**Q** 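Shown below is the structure under consideration.
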Number of protein chains: 2
Amino acid sequence: MTVTLADVAARAQVSPATVSRVLNGNYPVAAATRERVLRAVDDLDYVLNGPASALAAATSDLVGILVNDIADPFFGIIAGAVQSEIGGPGGRAGGERLAVVCNTGGSPERELTYLTLLQRQRAAAVILTGGAIEDAEHAAAMAGKLRRLAEAGTRVVLCGRPPSPETDAVALTFDNRGGGRRLTAHLLDLGHRRVGYIAGPRERSTTRHRLEGHRAALAAHGVEDDPALTVHGPYDRRSGYDATVELLRRAPELTAVVAANDTVALGACAALRDKGLRIPDDVSVAGFDDLPFSVDAVPALTTVRLPLYEAGARAGRIAMGKEEPPPGGVATVHGELMVRGSTAGPR
Amino acid sequence: MTVTLADVAARAQVSPATVSRVLNGNYPVAAATRERVLRAVDDLDYVLNGPASALAAATSDLVGILVNDIADPFFGIIAGAVQSEIGGPGGRAGGERLAVVCNTGGSPERELTYLTLLQRQRAAAVILTGGAIEDAEHAAAMAGKLRRLAEAGTRVVLCGRPPSPETDAVALTFDNRGGGRRLTAHLLDLGHRRVGYIAGPRERSTTRHRLEGHRAALAAHGVEDDPALTVHGPYDRRSGYDATVELLRRAPELTAVVAANDTVALGACAALRDKGLRIPDDVSVAGFDDLPFSVDAVPALTTVRLPLYEAGARAGRIAMGKEEPPPGGVATVHGELMVRGSTAGPR
DNA sequence: CTGTTAGCGCATTCAG
DNA sequence: CTGAATGCGCTAACAG
């Protein structure tokens, strides 16, 4: 049947313990012996039994990554970056670690469920990406889960998410508030006064922070914050389209639209064009994140660039213990305003 | 310390076996007993030990997904679809399965390495997405690995990849050849005769099939296949940009560009615009895949829509045994020509 | 429907 | 540097 460590040991004429040592490489073994073992492994086409190994060692080579939606490049880029860092030396049996990507779809229940599942797998680390769901009860439940994971030896890192109180999870947070403020300030500096805002879903830290930044800019410029100019919706193209139609209905005189992210902004652009409005001549449009397609939009999208790849890679390294966590366990990652063709002075 | 099954059993005053049965739900247990066990689980905050469970049962709740690049929505969409189908009843302990996403970056070595790693984890299933690397030696090595996985009880499904000979892996292949043919035929029907082609990387089945379709259309229309009009490059925006510049240098008179996929097409559009050429007035552009951003390009991109989500979901169901494999183990998934604003008759 | 009994395959003490 | 022994936590027969 299936080849086991004992089979390899027999063929190499050593004890199972020695084979284990060779495979894990965390222990001195004579070169000649190692050679013999490796040849036996090769001859028998032996593949280590992960579950057995994890059981005995009380830790696995799995790293969990929680994302809202893996089809969204925002998360895909982060997930890819994390994965590029979790391999390499340090893990069991060659240091190869596998990424378990969990699509929560933004659901609080699934978020908790996946954490339990990862705890069940005795994951070596867990990385939570994207904004947090802002609900006291859920936050408490999450903090509890994260604490228990940490106690069990799982390293926890938050990437693009605010710190979780009562937890010593390392947090790499994005400066969504500052980015939102600079983006709207840019429009106000251009002379816009009626600026529509398409916010993300409610009860999400990302949504709130970006919106707060927007409002801070309005306040700083002495522009009234008309509630009718803000519409909430999911982070997708459709939401951008629909929200823009609604904003135009409520305030046909608006001269600029700020979207919760680039995908939403693309939907907004489509709606404006369908209404016969030119960008930026009639209405300026701005997004957030600077996803790869944003520079190719026509006109190219003004947005706030978030270093998603770098942040994901850093989160991965911290999760692997390859990099020191930032002092205090919290680091803020700043965005960069990218002014492009989609914004100009009002007509 | 950490709570085990035995602790739960003790508290519920039943045997460990009963707790196991309640948790896995694949066995009759008296309602009252189940209640008692569940309460004990809750009281103790017990979480099953996945590795131990997998070791004893000789199978895990992990499903591997091999992708070229998770940051590319093409793969993100498929991965998300697979994940939406792998949960649900049928698995161990609540039927929750986890997706292990493996970024191969198109490297043959990593492809094989990841398969070994998934074999090590005793994955319940493995889904390979995207085109195959066309190298006899590598194909043989892959076939061998897939065979061994299947022998060990891992279900293997190919999604968007041609069947693997000498293997009984189920294959859901995309009709890249047919899509490529229809796309180029569309341009030829519009009157184009000098059509540039930006192909994907060499030695990839997807690249070859799309290119073959293109050539078949040229032949059918009696148009010469000028080798100078084909350029190879990776599946990214940059490649589209650079290749277009090169094509324009070689053949300034060309009136249309067909790209290996939508991302490449976007790069091509950028290059054309930078050269002062209008789309489609001066040069028509066409892509492949119909990724979400393609409809929002300006002008909207003519392309071949591949039902990525549906294909991924189906692959997931087949991998889970929730759906019958297609007869013969192979099904061809067809694309749909989406004619949009980026193509028109030649100037 | 429930309890008892044996391992699953490996990592890790502890000796040597 | 290597071997022998022990147990990780659970599931799956087998009884009852």
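Just so we're on the same page: letters track the sequence lines, and every chain starts at 1. From a predicted model like this one, the values you see are computed outputs, not experimental measurements.
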**Q** Does the side chain of A/E111 come under 3.5 Å of the side chain of A/H138 through a donor N or O and an acceptor N or O?
**A**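 Yes.
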
**Q** At 4.0 Å (heavy atoms only), tell me whether B/L55 reaches a base, stays on the sugar-phosphate, or touches nothing.
**A**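 It contacts base atoms.
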
**Q** Less than 3.5 Å between a donor and an acceptor, one on the side chain of B/R21 and one on the base of C/dG3, is that the case here?
**A**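 Indeed, a donor on one side and an acceptor on the other fall under 3.5 Å apart.
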
**Q** What integer distance in Å separates B/L48:CG from D/dC8:P?
**A**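 After rounding, the reported distance stands at 16 Å.
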
**Q** Looking at A/T2 and A/D7, what are the two nearest heavy atoms and their distance?
**A**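 Where A/T2 meets A/D7 most closely, the heavy atoms are O-OD2, 4.0 Å.
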
**Q** Any chance the side chains of A/T4 and A/Y46 put a donor and an acceptor closer than 3.5 Å?
**A**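 The criterion, which ignores hydrogens and geometry beyond distance, is not satisfied for A/Y46 and A/T4.
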
**Q** Is there a side-chain contact between B/S53 and the phosphate of D/dT11, meaning an N or O under 4.0 Å from OP1 or OP2?
**A**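 So the side chain of B/S53 is within the cut-off, an N or O lying under 4.0 Å from OP1 or OP2 of D/dT11.
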
**Q** Would you mind reading off the distance between B/Q121 atom CD and C/dC10 atom C1', rounded to a whole angstrom?
**A**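 So the CD-C1' distance, B/Q121 to C/dC10, works out to 14 Å.
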
**Q** Checking all strands, does B/V19 fall into the base, sugar-phosphate, or nothing category for heavy-atom contacts under 4.0 angstrom?
**A**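 B/V19: no heavy atom of the nucleic acid under 4.0 Å.
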
**Q** For residues A/T18 and A/S15, is any side-chain donor paired with an opposing acceptor at under 3.5 Å?
**A**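 Judged by distance alone, the side chains do pair up.
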
**Q** For the helix from C/dC1-D/dG16 to C/dG16-D/dC1, what angle separates the axis at the start from the axis at the finish, each from five pairs, in steps of 10°?
**A**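 Taking five pairs per end, the axes differ by 20°.
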
**Q** Nearest to the side chain of B/A17, which nucleotide is it out of C/dG9, C/dT4, C/dC10?
**A**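 Of the options given, the side chain of B/A17 lies nearest C/dT4.
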
**Q** B/R122 CZ to D/dT11 P: how many Å, rounded?
**A**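 Rounded to whole Å, this separation is 17 Å.
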
**Q** Are a donor atom and an acceptor atom from the side chains of A/S20 and A/Y27 found within less than 3.5 Å of each other?
**A**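 A/S20 vs A/Y27: no donor-acceptor pair found between side chains.
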
**Q** How long is the line joining CG of A/N49 and P of C/dG7, in whole Å?
**A**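 Taking CG of A/N49 and P of C/dG7, I get 18 Å after rounding.
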
**Q** Taking NZ, NE, NH1 and NH2 as the nitrogens, is one of them in B/R204 or B/E134 under 4.0 Å from a carboxylate oxygen of the other?
**A**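 B/E134 and B/R204: not salt-bridged.
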
**Q** Would you say C/dT2 has OP1 or OP2 under 4.0 Å from some side-chain N or O of B/S15?
**A**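 The answer is no; no side-chain N or O of B/S15 sits under 4.0 Å from OP1 or OP2.
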
**Q** Expressed in angstrom and rounded to an integer, what is the separation of B/L23 atom CG from D/dT11 atom P?
**A**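 Rounded to the whole Å, the gap is 7 Å.
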
**Q** Has B/T33 got a side-chain N or O lying under 4.0 Å from the OP1 or OP2 atom of C/dT2?
**A**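 The answer is yes; a side-chain N or O of B/T33 sits under 4.0 Å from OP1 or OP2.
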
**Q** Ignoring the backbone of B/A56, work out which of D/dG9, C/dT2, C/dG9 is nearest its side chain.
**A**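 The answer is D/dG9.
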
**Q** After noting the C-alpha distance and the side-chain angles of B/E85 and B/K322, does the key distance pass the salt bridge (Lys or Arg N to Asp or Glu O under 4.0 Å) rule?
**A** CA-CA 9 Å; B/E85 293 289 348; B/K322 298 201 280 186; 3.5 Å; yes

**Q** For the pair A/Q83 (side chain) and B/V101 (backbone), establish whether a donor and an acceptor sit closer than 3.5 Å, ignoring hydrogens and angles.
**A**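 Yes, A/Q83 side chain to B/V101 backbone: donor-acceptor pair under 3.5 Å.
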
**Q** Heavy atoms from C-beta onward define the side chain here; which of C/dA11, C/dC10, D/dC8 lies closest to that of A/N24?
**A**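 Within the option list, the nearest is C/dA11.
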
**Q** Nearest heavy atom decides the nucleotide; on that basis, is A/Y27 or A/T4 closer to the 5' end of DNA chain C?
**A**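 Nearer the 5' end of the strand: A/T4.
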
**Q** For A/L5 and D/dA4, give me the distance from atom CG to atom P, rounded to whole Å.
**A**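 To the nearest whole Å, that distance equals 14 Å.
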
**Q** Give the nucleotide from the list C/dT2, D/dT11, C/dC10 with an atom nearest to the side chain of B/T18.
**A**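 Nearest to the side-chain atoms of B/T18, counting from C-beta on, is C/dT2.
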
**Q** Just the rounded figure in Å: distance from C1' of C/dC1 to CZ of B/R36.
**A**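 Roughly 12 Å, once rounded to whole Å.
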
**Q** Which nucleotide, C/dC10, D/dA4, D/dA12, lies nearest any side-chain atom of A/Y46?
**A**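 Comparing C/dC10, D/dA4, D/dA12 against the side chain of A/Y46, the answer is C/dC10.
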
